[in-house]
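Sequence lines set the chain letters: A, B, ... in the order given, protein chains first and strands last, and positions in each chain run from 1. Treat the numbers as computed from the prediction; the structure is a model and nothing was measured.
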2 protein chains.
Amino acid sequence: MLTPLLDHIEKFIKLELSEIDILETCLNISKVKKKEHLLQEGQVCNRLYFIVKGCARQYIINSKGTEQTLQFAIENWWITDYLSYHNNTPSSFYIQTVENCEVIAVEKGTLESLLIEIPKLERYFRIVSQKSFGAAQMRIKFLFTMSAEERYHHFNNLNPDFVQRVPQYMLASYLDFSAEFMSKIRAGKV
Amino acid sequence: MLTPLLDHIEKFIKLELSEIDILETCLNISKVKKKEHLLQEGQVCNRLYFIVKGCARQYIINSKGTEQTLQFAIENWWITDYLSYHNNTPSSFYIQTVENCEVIAVEKGTLESLLIEIPKLERYFRIVSQKSFGAAQMRIKFLFTMSAEERYHHFNNLNPDFVQRVPQYMLASYLDFSAEFMSKIRAGKV
DNA sequence: TGAATTTCTTGAAGTAGTTCAAGTTTTTTA
DNA sequence: TAAAAAACTTGAACTACTTCAAGAAATTCA
């Protein structure tokens, strides 16, 4: 079922039927169990991942040995380490599924051929990554200007359903505070 | 002098002479004095800015009335608010020159025509924005894992020259600590 | 050049968060 | 369905930073 990806692409560019055919022969979807790693720290990242179903995250392990989530990806999001991908340098991140997932993993060579066969896709990936970059800037703004409690409530208001999907400690680290503090915020003990 | 931009583009794609001609007729460079604003909070951002010479920054004013710098751009960097640009929503940011600058401001309509005339440019902007997004992720990693002092030394090691170019209080806010604390770090009083 | 403005420094007091340790609850798995 | 593992909670002690206020130094510009 590549449909979700094709639909996502068609939000930004118009594909010919022949191009859809090409995409269907080049891409395939795979099931990935919860907690499996798509990328390990130290590996060179040579794939982009599109989440068809489920949830994945990018995280690191800090100097105290605690996991800190830097990014989540749910349905219709791409996730990867673009720096490692483009520079062929070892990644600083782990990418791991948080739920059982259906994922389209696009290998670098495959993508390069696709971009040559269907140059319009350059536009799709340009727009998607420019929007992602914009979102990352807003994220930094929120981290800079809001208190821990404000960040929690703000996120919770914008994404009430998502908050139910992931363990609290992952969300706490994504919002840059400790799991214990999250507990206190939720209990109103702060 | 569009040369720096043309050189930057040619790092990622090969341009025909005819395409260079098109670029030269569509783009123009302007001088912008230090401390002028390229974008004000609340405006819809409909331009991309390429810094040919000088330094600019993206900042916000927080609830205490203090400026916080979210991003710097120097020679050969693009700066804009992609979220406002793509969604036509009012920007949450200011973009301001930090030094006297030479800037190529590309208006949205101009860029759309250029991308139609020279589709290869889609590739250029895709790669540039994917790399920027990668850099933003690393930035979040450093903010999450390093202490204020570590962030300062790390940044200073990577960009010793740049540190001399901007006021300390701007760099302090970019690294997410107070100007006073920056002073103490530099004096070794911490 | 000298006045005005901007930037940097310093110390003292305060606080938003962390850390630790132990216990409880929930979920997963065999 | 019992045992194991994962996730969440709680309070007490701590700390990395902020805030404030005031003065000193450097830079800008008329």
Does [X] put a side-chain nitrogen or oxygen below 4.0 Å from OP1 or OP2 of [N]?
X        : N      : result
B:Gln168 : C:dT6  : no
B:Ser147 : D:dA16 : no
A:Lys64  : C:dC20 : no

Report the distance from atom [atom1] of [X] to atom [atom2] of [N], rounded to the nearest whole Å.
X        : N      : atom1 : atom2 : result
A:Arg186 : C:dT26 : CZ    : C1'   : 13 Å
A:Arg165 : D:dA7  : CZ    : P     : 16 Å
B:Phe177 : C:dC8  : CZ    : P     : 12 Å
A:Tyr169 : C:dT27 : OH    : P     : 14 Å
A:Glu99  : D:dA7  : CD    : P     : 13 Å
B:Arg151 : D:dA16 : CZ    : P     : 13 Å
B:Glu180 : D:dT18 : CD    : P     : 8 Å
A:Asp176 : D:dA16 : CG    : P     : 16 Å

Q. Side chain of B:Thr69, backbone of B:Tyr174: donor and acceptor closer than 3.5 Å?
A. no

Q: Say whether, by atom type as modelled, one donor and one acceptor occur between the side chain of A:Thr97 and the main chain of A:Asn100 under 3.5 angstrom.
A: no

Q) Does a donor on one side chain sit under 3.5 Å from an acceptor on the other, for A:Asn88 and A:Lys108? A) yes

(Q) Quiz question: by atom type and distance under 3.5 Å, do the side chains of B:Gln71 and A:Gln137 form a donor-acceptor pair? (A) yes

Out of [options], whichever nucleotide has its closest atom nearest the side chain of [X]:
X        : options                : result
A:Lys189 : D:dT19, D:dG11, C:dG17 : D:dG11
A:Pro167 : C:dT19, D:dC8, D:dT19  : D:dC8
A:Lys34  : C:dG17, C:dT28, D:dC8  : C:dT28

Q | Rounded distance [0.5 Å steps], NZ in B:Lys14 versus CD1 in B:Ile9 | A | 11.5 Å

Q: Please evaluate the base of D:dG11 for a donor-acceptor partner in the side chain of A:Lys184 within a cut-off of under 3.5 Å?
A: yes

